[in-house]
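Order of the sequence lines fixes the chain letters, A, B, ..., with proteins taken first and strands second; residue numbering starts at 1 for each chain.
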Protein chains: 2
Amino acid sequence: MKRITIYDVAKEADVSLATVSRVINGSEVVREDTRIKVQEAIEKLGYKPNAIAQGLALQKTTTIAIVMPEASFFYTGGIINGLLDTAKIYKYNIMLHSTSAGINEMNDVIESIIKSRVDGVVIFNDKLNREELNTLNHYNVPIVVIGNKMSDDTIGSVYIDYATLAYEYACECIAAGKSDISLVEDRKNPSMINQIREGLERAFEEHGMKFDKFIRIPKEYRSSYVFLTDYYKDHRPSKVIITYRDSQAIAVLNASKEAGFTIPQDAELVCVLDSKYNAMQRPQISAFKIPDYDMGAMSMRLLTKMLHDEDEVLNKEMELSYVYIPRQTTLQ
Amino acid sequence: MKRITIYDVAKEADVSLATVSRVINGSEVVREDTRIKVQEAIEKLGYKPNAIAQGLALQKTTTIAIVMPEASFFYTGGIINGLLDTAKIYKYNIMLHSTSAGINEMNDVIESIIKSRVDGVVIFNDKLNREELNTLNHYNVPIVVIGNKMSDDTIGSVYIDYATLAYEYACECIAAGKSDISLVEDRKNPSMINQIREGLERAFEEHGMKFDKFIRIPKEYRSSYVFLTDYYKDHRPSKVIITYRDSQAIAVLNASKEAGFTIPQDAELVCVLDSKYNAMQRPQISAFKIPDYDMGAMSMRLLTKMLHDEDEVLNKEMELSYVYIPRQTTLQ
DNA sequence: TTGTACGCGTTATCAC
DNA sequence: GTGATAACGCGTACAA
């Protein structure tokens, strides 16, 4: 099938291509009968506007790039759905990029983002480099970052304050006489873990104590799951154990059975990032409901706002809230 | 920052834009010193080729579209990673589309795929409409379908033969005297479930029986999880229970505890689509390892081959194999 | 080896 | 209300 262009339509409808363009873009000035004539020609030929050519002419692609850490779709699925749904509302296309642990990975991604002339970019990357953002900024690519609060006011950010989450939770525990708290490392989410740790340290400090029960996952273990199962065979558990992801929480749960201690009686367990699997365990795992879908939706909405109201978008920092869902791995 | 074009570079390096273009595209014919001169100009100005303009000129965008069912990133994450990694190798960009249950959803997606002039498309959609594929075909968009075998030889397909999987498994069960088999419906994956059901029916038929234990999930239940937990409170379980996803298998597991029957002694449990959560349950759930990452990688590779060897790609149907992973929910 | 000129498909600014 | 025509940024025959 021959590629059919606006010019073919013009010839078919016996008008100029300018008129066809007007019809396509819903210009008001075109007379009704010619509009119909053009519409029919479009229909007959099956003409679809070439977005690439439009992009060139208009200097905008109506597509935005999103970059996600590789192999994380399992627990960023909600974010992506939020992004996609909202993008659809605003008629934006999505260019998906992923970054793995590789050194220069991110640079390649930045490179192709710039070349593709997307109108904006949403970045969710745990180990985010300031320099890379500067590069994008330099090329005038509007940016929204998910997961990290950015002080830069050219950059938008949508995030959860994990530090405060942890701080408040720790304070409650301490107030209840449970200051024996440990936190399990998560090598896939260093930034989140750092924030949580910060919050715990602050809480302990304010109570004249020092938080020092950070359970490191040795590099030689393929997964924290395997390690934790081993770990608790010869380590007494803390009264309160905090993990970031569901799989780690489940690992603790399984380890408890094998190691012979009982949750929540001997040790309470809390998972920060809730998932449906937490509710499926027995006992069901207490966790914090993080609004992942909303994070995606808000990010996209913020970006479109930045794109549209080119001037000043008043508040570029959006902190989202969380909800604690007590289940069966914690007392009362 | 002013948009800098190939023309700016040409002026800076004091050559014509044609030469700059040659340098960019690694043409062999350009003299070494001029190449360096141009490279320096590019570096100095921070020039990045405009992929949009290139796309217009070359009539190809080096981006391919992928369409995934919405809210499925949790269990299609592996596929997406395979797609992305492979696309990266071949320097293709990815345009991500999702389809929800909405009626005209898919048409919108097709529409924007055509407009965006992508070089090809990979579709993973359970409820796939033949008509939609024809539309894409009509606009000469090369297609690879994941999950369904396509007899059309303009379309590539990468899939798992779930029917045979189920058939063979059922035959083994029957041979071992366990012909009391039930299959749990999965409304999110009707096509997979249908294939499995087909396989079971064939196996039963060949043994002079009829498969009739298809457990339907009533629409009024939000999730099969909730339903199954209820269901087994007043239904005796089959000797062998088959589910498609991990969450359903876990539901059966939990239900067994509440309903007072024991797995695997009273009833064996098999999950078709394995996930890490299966291994995390107690007892660990037996399942089939489906090569999801490979499905993505193979799809992308097949598509690039179709794009490159424009003529005939010999085999456009790729059936991938699976491996049964016996764990603790099945006997021996 | 390098430069000129045209084409890629649209939008937008002018005239008419 | 409609029709030429110049951008938009780049690739590439064709000339030089």
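With 3.5 Å as the limit, one finds no donor-acceptor pair spanning the side chains of Thr99(B) and Glu105(B).
The terminal axes of the helix from dT1(C)-dA16(D) to dC16(C)-dG1(D), fitted over 5 pairs per end, subtend an angle of 40° to the nearest 10°.
Residues satisfying the side-chain hydrogen bond (donor to acceptor under 3.5 Å, both in side chains) criterion with Ser116(B), sequence neighbours excluded, are absent altogether. Every residue meeting the salt bridge (Lys or Arg N to Asp or Glu O under 4.0 Å) condition with Arg35(B), not counting sequence neighbours, appears here in chain and number order: Glu32(B). Checked against side chain to side chain contact (heavy atoms under 4.5 Å, CB included), Asn129(B) has the following partners two or more places apart in sequence or in another chain: Glu131(B), Glu132(B). The side-chain hydrogen bond (donor to acceptor under 3.5 Å, both in side chains) search around Ser16(B) returns none, not counting sequence neighbours. Shown here are the side-chain hydrogen bond (donor to acceptor under 3.5 Å, both in side chains) partners of Thr19(B), two or more places apart in sequence or in another chain: there are none. For Asp33(A), the side-chain hydrogen bond (donor to acceptor under 3.5 Å, both in side chains) partners are Arg31(A), not counting sequence neighbours.
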Which donor-acceptor pairs under 3.5 Å do side chains of residues 290-303 of chain B form with protein atoms, sequence neighbours excluded?
| residue | atom | partner | partner atom | Å |
| --- | --- | --- | --- | --- |
| Tyr293(B) | OH | Asp85(B) | OD2 | 2.5 |
| Ser299(B) | OG | Met295(B) | O | 2.5 |

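Within the structure, salt bridge (charged side-chain N to carboxylate O under 4.0 Å, His left out) pairs that include any residue of residues 45-55 of chain A comprise Lys48(A)-Glu111(B) (at least two apart or interchain). Sorted by first and then second residue, the pairs that involve residues 6-15 of chain B and meet salt bridge (charged side-chain N to carboxylate O under 4.0 Å, His left out), not counting sequence neighbours, are Lys2(B)-Asp8(B), Glu12(B)-Lys44(B).
For DNA chain C, the contact window with chain B, defined by any atom under 4.0 Å from a protein heavy atom, covers dT1(C) to dG9(C) in 5' to 3' order.
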Tell me, for nucleotides 1-10 of chain D in 5' to 3' order, what letter each nucleotide earns: B for a base near a protein heavy atom under 4.0 Å, S for only sugar-phosphate near one, - for neither?
SBBB---BBB
